[in-house]
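Below, read A as the first sequence line, B as the second, and so on, with proteins coming before strands; counting in each chain starts at 1. Note that these values count all heavy atoms, side chains included, but never hydrogens, waters or copies made by symmetry.
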Amino acid sequence: MHDIKYIRENPNDFDATMARRGLDGMSAEILALDEDRRAVQTTLQELQAKRNEESQKVGEIKKAGGNASDVIRLVAEMKKDMAKLEDQERELAFAIKVRLSELPNILAGDVPDGAGEDENVEIRKWGEVKVPKGPDHAEIGEKLGMMDFETAAKMSGSRFTLLSGGLARMERAIAQFFLDIHTGEHGYTEVSAPLLVRDNALYGTGQLPKFAEDLFKCTTDHWLIPTSEVPLTNIVAEMIVDEEDLPRRYTAFTPCFRSEAGAAGKDTRGMLRQHQFYKVEMVSVTAPEDSEAEHERMTQCAEAVLQKLEIPFRTIVLCSGDTGFGARKTYDIEAWLPGQETYREISSVSNCWDFQARRMNARCRAKGEKQTRFVHTLNGSGVAVGRALIAVIENYHDPSDGGVWVPEVLKPYMGGVGKVVTSA
RNA sequence: GGAGGGAUGGCAGAGUGGUUGAAUGCACCGGUCUUGAAAACCGGCAUGGGUUUACGCCCAUCCAGGGUUCGAAUCCCUGUCCCUCCGCCA
């Protein structure tokens, strides 16, 4: 959600940032509506003032024992005009809100220009690629007899996976490991949150009203969360947080559900793009002046778990055309996948600035201050569990026996097992 | 699922149709007093919006959205949340 005042004062800047995302400038249209609305509002308020004044007279006349029917008739007449103005005001306000809530966030100044993902900019690379090329996770997993797409399809259709045995356990181990690092070393508080949420929560984080088709909706008024960013960020919705209690850092391990409506035919092999996957998410809520530093910190938190897993990765900053709706700036972390001989996204870390905070009315207040400010919210995968499993399978594959070595840091979570192999 | 009760300022809590944006207490801020602090006393203390060069004036807001009325925190309808009892249930 945008601040109409900002648009009033900086219409050209506003249009320029939208243009960087490939969107037409809308400030003129919005400001015209805004001006109309204010004109209507002023007229309406004058009438309301008059009505209040006359209505009070009725009380005074009646108290004095007089006859107030003339005044009553006068005010009753006024109400027709007022109703009309009220409708106009409502319609204009709604039209403005629709436009403001469907426009993406303003970009940070240092987001590189670009039309799409090809123009994202690599900012660092970590780790030595030891397996430049190899079988992909689907082949490895199926040969192990622990990754079954047919059985999953039998009950659920495409884009679902059934893991079993060592790989099912490894998925759980990865999640546990991530959570322990974020809670134990990075200062995040573990949260177990609802997976079903209502409209207003999704509106708050920006998935609604524009991206309903990417989500699964229940027959009740609930939606399945596409990421635990939704429940974690909505913790502070409608709250005024003491600034001394910031930053607030939350992490959760949850399934995520996505319809993948726009992804037909994309990544159809394997478990890279699924309707359901597990993810460990991080969310930070900060005071406005702290979000940029927190963004860097959070990105490092995500990188840290990959480093401990010894998965080679690179970090890129998304260009203007690829940055998501709610984000002001986004870093993607991409893990090396030998099966694809390329880096693929395993984490996305975004600073949403006050964009979500405005939508969910999440504010903070410094001690002794009266004035509240919108908090800044950030979210990042820490990291996608399903994709981390893919990365481990492919980077730790042993061609000699088809098994998968267990990364050192996961061994405690795997009961000390050193390698996942087919049980003979 | 059935029956009932509730939602008021940062918190607690009055207020059932007419100067109620809202008593009172606590908290908070400023001051007096004090070596300092506490206590006591005095004063201040909601938010959003419109309008104005400005002082200010005005409008809206007592969970949310509709409605009744000349006038609504107060009456009616719908929704949300919380509580109690009954039923069901991992």
Side-chain angles (χ1 to χ4, degrees), chain A residues 1-9 30-101 192-204 208-209 217-223 230-231 234-246 248 255 354 357-375:
Chain A
M1 175 62 83
H2 294 285
D3 183 2
I4 185 77
K5 272 192 245 167
Y6 174 84
I7 302 175
R8 264 181 223 152
E9 285 157 22
I30 291 169
L31 290 179
L33 287 167
D34 179 50
E35 227 168 277
D36 287 352
R37 201 198 108 251
R38 282 191 290 166
V40 169
Q41 186 180 358
T42 302
T43 315
L44 175 63
Q45 289 185 353
E46 281 163 6
L47 277 174
Q48 285 170 331
K50 176 108 191 215
R51 176 205 59 193
N52 292 346
E53 194 185 322
E54 296 297 326
S55 290
Q56 254 175 37
K57 277 191 203 160
V58 174
E60 284 160 25
I61 292 169
K62 283 194 171 172
K63 208 177 267 179
N67 183 342
S69 57
D70 283 353
V71 183
I72 289 174
R73 204 172 326 112
L74 174 75
V75 180
E77 277 296 306
M78 287 172 57
K79 287 191 5 176
K80 288 176 196 153
D81 292 336
M82 287 176 54
K84 213 180 291 171
L85 288 166
E86 275 168 16
D87 286 347
Q88 275 179 39
E89 208 271 342
R90 227 190 311 255
E91 280 163 27
L92 286 165
F94 181 73
I96 292 166
K97 183 164 187 197
V98 165
R99 283 160 180 77
L100 290 183
S101 62
S192 173
L195 308 178
L196 297 175
V197 296
R198 282 200 296 227
D199 295 18
N200 61 337
L202 287 157
Y203 176 83
L208 291 181
K217 175 136 202 220
C218 304
T219 53
T220 55
D221 284 337
H222 297 102
W223 304 76
V230 177
N234 273 282
I235 289 172
V236 294
E238 304 294 338
M239 273 181 70
I240 299 173
V241 185
D242 289 342
E243 280 188 25
E244 57 197 273
D245 294 337
L246 296 175
R248 287 185 172 213
D354 62 0
R358 278 179 197 287
R359 295 170 82 101
M360 61 177 72
N361 198 23
R363 293 165 296 169
C364 60
R365 177 158 47 202
K367 200 173 169 63
E369 289 286 318
K370 280 172 75 172
Q371 199 54 43
T372 59
R373 302 187 289 166
F374 288 110
V375 297

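Using atom P as the reference point in both rG9(B) and rA23(B), the two lie 12 Å apart (nearest Å). Distance noted for atom C1' between rC81(B) and rG65(B): 15 Å (whole Å). Comparing the C1' positions of rG10(B) and rA46(B) gives an interatomic distance of 10 Å, to the nearest angstrom. A distance of about 16 Å separates the P atoms of rA64(B) and rU80(B), rounded to the whole Å. Taking atom C1' on both rC82(B) and rC28(B), the two are 28 Å apart, rounded to the nearest angstrom. For the C1' atom pair drawn from rG43(B) and rU47(B), the interatomic distance equals 23 Å after rounding to whole Å. For the P atoms, the distance from rA27(B) to rG79(B) is 42 Å, rounded to whole Å. Taking atom P on both rG4(B) and rA90(B), the two are 28 Å apart, rounded to the nearest angstrom.
Taking both residues in full, the closest heavy atoms of Pro231(A) and Ala193(A) are given as CB-CB, 3.7 Å, listed atom of the first, atom of the second, then distance.
A straight line from CD of Glu244(A) to P of rC28(B) spans 13 Å, rounded to a whole angstrom. Atom CD in Glu238(A) sits about 16 Å away from atom C1' in rG9(B), given to the nearest Å.
Under the side chain to side chain contact (heavy atoms under 4.5 Å, CB included) criterion, Phe94(A) pairs with Val98(A), not counting sequence neighbours. With sequence neighbours excluded, the residues forming a side chain to side chain contact (heavy atoms under 4.5 Å, CB included) with Ala93(A) are Arg37(A), listed by chain and number. For the side chain to side chain contact (heavy atoms under 4.5 Å, CB included) test, residues two or more places apart in sequence or in another chain that qualify with Asp242(A) are Glu244(A), Asp245(A). Partners of Asp81(A) by salt bridge (charged side-chain N to carboxylate O under 4.0 Å, His left out), not counting sequence neighbours: none found. For the side chain to side chain donor-acceptor pair (under 3.5 Å) test, residues two or more places apart in sequence or in another chain that qualify with Thr220(A) are His222(A). Applying the side chain to side chain contact (heavy atoms under 4.5 Å, CB included) criterion to Arg8(A), with sequence neighbours excluded, gives Ile4(A), Lys5(A), Leu31(A), Asp34(A), Arg38(A).
Using N1 to N3 plus N6-O4 or O6-N4 for Watson-Crick, or N1-O2 and O6-N3 for G-U wobble, each under 3.5 Å, rU84(B) pairs with rA3(B). Applying the Watson-Crick and G-U wobble criteria (two distances, each under 3.5 Å), rG36(B) pairs with nothing in any strand. Pairing for rA27(B) is absent, judged as Watson-Crick or G-U wobble with the two contacts each under 3.5 Å.
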query: Going 5' to 3' along nucleotides 64-74 of chain B, which nucleotides have protein heavy atoms under 4.0 Å from the base (write B), which only from the sugar-phosphate (write S), and which from neither (write -)?
result: --S--BBS---
message: Within the 4.0 Å limit for protein heavy atoms, which parts of nucleotides 45-53 of chain B are touched? Write it as a string from 5' to 3', B for base, S for sugar-phosphate only, - for none.
response: ----BSS--
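Within 6.0 Å of NZ on Lys217(A) lie more than 12 heavy atoms contributed by other residues, nucleotides or ligands.
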Quick one: side chains of residues 47-59 of chain A, donor-acceptor pairs under 3.5 Å with protein atoms, not counting sequence neighbours, listed by atom name and distance.
unit_1: Asn52(A); atom_1: ND2; unit_2: Gln48(A); atom_2: O; d: 3.4
unit_1: Glu54(A); atom_1: OE2; unit_2: Lys57(A); atom_2: NZ; d: 3.3
unit_1: Ser55(A); atom_1: OG; unit_2: Arg51(A); atom_2: O; d: 3.0

